[in-house]
Amino acid sequence: MAQVGVAFSGGGVRSAAFCSGVLRRLLQKNANLDYLSCVSGGGYTGCAYMDWKFRHGKEDNKEWHFKFFDHLRRRSGIFCDWQRPFHGFLDSVVLFLLPLFVALVLPLFLWAAYACPFAYVIDLCAGSVLRGGIITKCDNTTLKLHETIQDCQHRREKKAIERFLLFSIPLFVVFLAHFLGSFFPKIKCALAFMATSCGVIFGLLFLPWFFHDVLEFIPTWMKFLIVVPTILLWFAFPVMRTNATLVVIVYFYSYVVMWRVYKDTTFPHYTHTLFTQLMWLSGLILFVSPLIGTIQQRLGHIYNRWRLQKALFSPTSVGRCGCAGISYRDCFLTCPTFKDTEPLNTDPDRPLTLKDLDNVKPILISNSVINRWRRTTSPREPDYEVLSMSPHGIERLDRPSDQQEFEGKLMPEDIYLSDAMATSAAAVDHHMGALEGGEELFKDLKVTLGIAMGTSLIANPRQERKESKFLQILPFFIEISRVSPFLFGYISYHLTGKEVYFDIGVLSFFLLLVLLTIVALVPTGSANPGKLEKIARYFAVHVPYISFVRKTIGILNHGPNPPPVLRLSDGGHVENLGILPLLKLRLKKIITVYGGRASSEQAFCDTLLKALDMARKKLRCSFTGLDGRDITEDIRNKLVEKSPGNQPRSYRFKVHYFDKDPDKDKDHKVGEAEVLFIAPRHPNKGIKMEQPMSWKDALSDVGEDLEANNWGSGPELTADEVDRLTFCCCQCCHGNACQGFSESICGAFPQHSTCNQFYTPAMFTAYHKEGYRACLEAQAAEFLTEPTSQNEYNSRLEEVVSQ
């Protein structure tokens, strides 16, 4: 039998519901499925189906199928279940407090903790130069009462020259680093970091002087009119917007620097005691900042995984409170084990890993995107690629056949099924794959605020578990040593009254930060890493500060060796259909189900054309219509330009597989296959049946029936039935009173906004029925089992329409 596969696209709960309708029809017809490739929202249905199948003896059965699809319908409010008001209220509170905690409270602690130490160092090293020789009231020095005017003028001119050099040297390094970056691509990231660091240093030196000396004699309201527009200017132009968040932080730090350097009576009122207390508080926060930062960066993914698992998986798999497989270890990248191997978990109710599905058909493929990794040093190669995770292994889409990059390192037994599902659905992250071009403007904002749903995985967890006890404990000593000079300096100063101890402690703290930052800049990815790279990989995995630096500045991993820490995000950030892994397997029959959102018929087809274009470049595939016509023109003729009421829910085409012949230096054809593309239509636009079809009629060939109370009278939807699906929280909100307003905010069937994850059972039912109807119209089950010509396909389509 020729191998066949089905691909479920991304699109949140909307796609999950639509794909579930297609899946139901295929299961009812006992369709032979060898592979199930899922992306994002399509993975909700695909992973949940595999979980339920495993828990029911690894066999399909219509009894548990009924329970499964009804469970999906009832739990369609994945993140906010207002069908149960009490739960809905608690869910809403959590949804409000979680972003507030992650994006406001934690960043405030993390970033504010560095303000006073930076101000202290700048005052210590350059305070006298910034003040220009002016002696403040807080200086413990003897006023120069016998200084002549000429001496004073000479001293001020000397300080002015020093201040000019203080401002100009960081700017010179910025321009020099940018210039050298074009000639030394291998160290471009290090040079970019140097340029950014010197730019920050310039801001922390220049802005306090500008705020105090230049704006000293103008009214406060005028100061706001000058300063605020300069901040807003960074958000106004796209070129400047990439560093807007960093600039806001620099402005805040600059105010603290000015407060310390000039010691003026500004808000808050400066006193030596107050500043000392803030320094002590900063030291305590910096001591626990790795823990806070790790939780901030991973909490979004953990919450996403918990909600998806709790809502969709079988009761056996979710565990207590839906937390099966989720523990304190998920909040950290690594935790000491002190064991060479972990004991085999034989509990039948254990959380499932991908390895558990090894002998369960179909073979699940969960698609994510791996970011910041180029296999070569070519700047033309994208720094992202599809990462497919299945029971048979984990691999990049572009992996050469002779390279097994994760073999013996990261294996299917290391990935929980719920983790794979949540990672594939990480729609918002610091790194956005192919979408990063448009999202790059807000990347630093997302990193700063910890706005992320993606996850980080260690590329070689087996090696980490084999490390000696010393190497597993060493990161804790590094983190303690990082802040210890700061705290010991403060304690020594407090006990002896000698400020020199505090000076040494703070300077030692920043010196250690510089050394750790240099380690973070060491390139990785070599096939045979040297000692320095091995050290850098170890630190990148175990030291949170280094991991944060690499993520913040976007260090690229160049080479065939995977990065020490894998940065994973939504599979739809590269290819939203999930069809590429199936084309790479060269299956003979492929169904791709599109539940994504498109603003028009042309945009509706652009997603398919984009996926096919990637298959041409990455997999050497070629595509034509069934009659041999050019694929682009065939799609335009059969999908885009169809009038309302005649728009099909499916489209078939051919794929031709090619291999490169190294001897003849050209491609040669090795096979061909057929692909069936299925997508939803509005009842007024899609092909209609001449007579309404009940569930009894639709299921007559499989001997089943569905409850009309839950799934309606039949698979055919009406315009009134879908147009009333306004807003999202409760079914009582649906109606015809505010269709226009609801459509402008949440969209309308079949294009409800992907951002809207608060689906009601009524909305889920509508998309489920549309998926079933599309699968029925396209004869998808028959497509998988029989080779059909274009004429046979058209005649069967006409027969279904007439029925």
Side-chain angles (χ1 to χ4, degrees), residues 114-180 191 193-218 223 226-227 230 246-247 249-266 270 272 275 279 489 498-511 513-514 517:
Y114 285 94
C116 287
F118 264 114
Y120 186 88
V121 170
I122 290 176
D123 182 39
L124 179 66
C125 299
S128 176
V129 177
L130 289 176
R131 288 189 291 267
I134 299 175
I135 302 174
T136 65
K137 297 178 181 178
C138 296
D139 285 337
N140 295 321
T141 59
T142 304
L143 294 178
K144 301 180 179 181
L145 299 178
H146 303 289
E147 186 179 30
T148 65
I149 296 177
Q150 290 77 11
D151 292 338
C152 178
Q153 184 177 0
H154 176 72
R155 176 169 55 84
R156 297 292 296 273
E157 288 176 352
K158 181 180 178 182
K159 292 295 183 180
I161 296 174
E162 293 176 355
R163 189 163 53 226
F164 172 78
L165 294 175
L166 188 68
F167 296 157
S168 60
I169 291 176
L171 279 181
F172 174 77
V173 176
V174 170
F175 290 116
L176 180 63
H178 278 296
F179 176 76
L180 295 178
L191 292 173
F193 179 77
M194 181 184 299
T196 303
S197 301
C198 290
V200 169
I201 292 173
F202 169 77
L204 294 180
L205 294 172
F206 176 78
L207 290 177
W209 170 81
F210 178 79
F211 293 157
H212 185 270
D213 285 11
V214 178
L215 306 181
E216 181 178 7
F217 300 106
I218 64 176
K223 292 180 182 179
I226 295 176
V227 173
T230 62
L246 181 61
V247 168
I249 295 174
V250 170
Y251 270 73
F252 168 70
Y253 281 20
S254 298
Y255 183 84
V256 179
V257 171
M258 182 185 70
W259 185 62
R260 166 66 183 182
V261 169
Y262 294 98
K263 304 177 179 66
D264 283 348
T265 308
T266 54
Y270 179 88
H272 186 72
F275 186 82
M279 287 287 286
K498 296 181 179 180
E499 197 166 343
V500 63
Y501 293 119
F502 202 9
D503 297 344
I504 295 174
V506 175
L507 291 175
S508 300
F509 166 73
F510 279 100
L511 177 62
L513 284 187
V514 171
T517 302

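All residue numbers in this chain count up from 1 along the given sequence. Keep in mind the model is a prediction, meaning the values are calculated, not measured.
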To the closest 0.5 Å, what do you measure between [atom1] ([X]) and [atom2] ([Y])?
X	Y	atom1	atom2	result
S254	I249	OG	CD1	11.5 Å
F206	R163	CZ	CZ	10.5 Å
T196	L191	OG1	CG	10.5 Å
Y114	F509	OH	CZ	5.0 Å
R260	H272	CZ	NE2	6.5 Å
L507	F502	CG	CZ	10.5 Å

State, with a plain yes or no, whether a side-chain heavy atom of [X] is found less than 4.5 Å away from one of [Y].
X	Y	answer
F211	Y251	yes
F210	T230	no
L204	F118	yes
I122	L130	yes
V214	W209	yes
Y262	Y270	no
L207	Y255	no
V121	P117	no

For [X] versus [Y], what's the shortest heavy-atom pair and its separation?
X	Y	value
L166	A126	CD2-CB, 3.8 Å
I226	I218	CD1-CD1, 3.7 Å
C198	V173	SG-CG1, 3.3 Å
F275	C116	CZ-O, 3.7 Å
G203	P208	O-CD, 3.6 Å
F167	L205	CE2-O, 3.4 Å

*Do side-chain atoms of R131 reach the backbone of V261 as a donor and acceptor pair under 3.5 angstrom?*
yes

*Which is it for K263 and D123 under the side chain to side chain contact (heavy atoms under 4.5 Å, CB included) test, yes or no, and what are the steps along the way?*
CA-CA 10 Å; K263 304 177 179 66; D123 182 39; 3.5 Å; yes

*Would V506 and L124 count as a side chain to side chain contact (heavy atoms under 4.5 Å, CB included) if you check the C-alpha gap in whole Å, the side-chain angles of each, and the deciding distance to 0.1 Å?*
CA-CA 10 Å; V506 175; L124 179 66; over 6 Å; no

*Run the side chain to side chain contact (heavy atoms under 4.5 Å, CB included) check on F193 and T517 step by step: do they pass?*
CA-CA 10 Å; F193 179 77; T517 302; 3.1 Å; yes

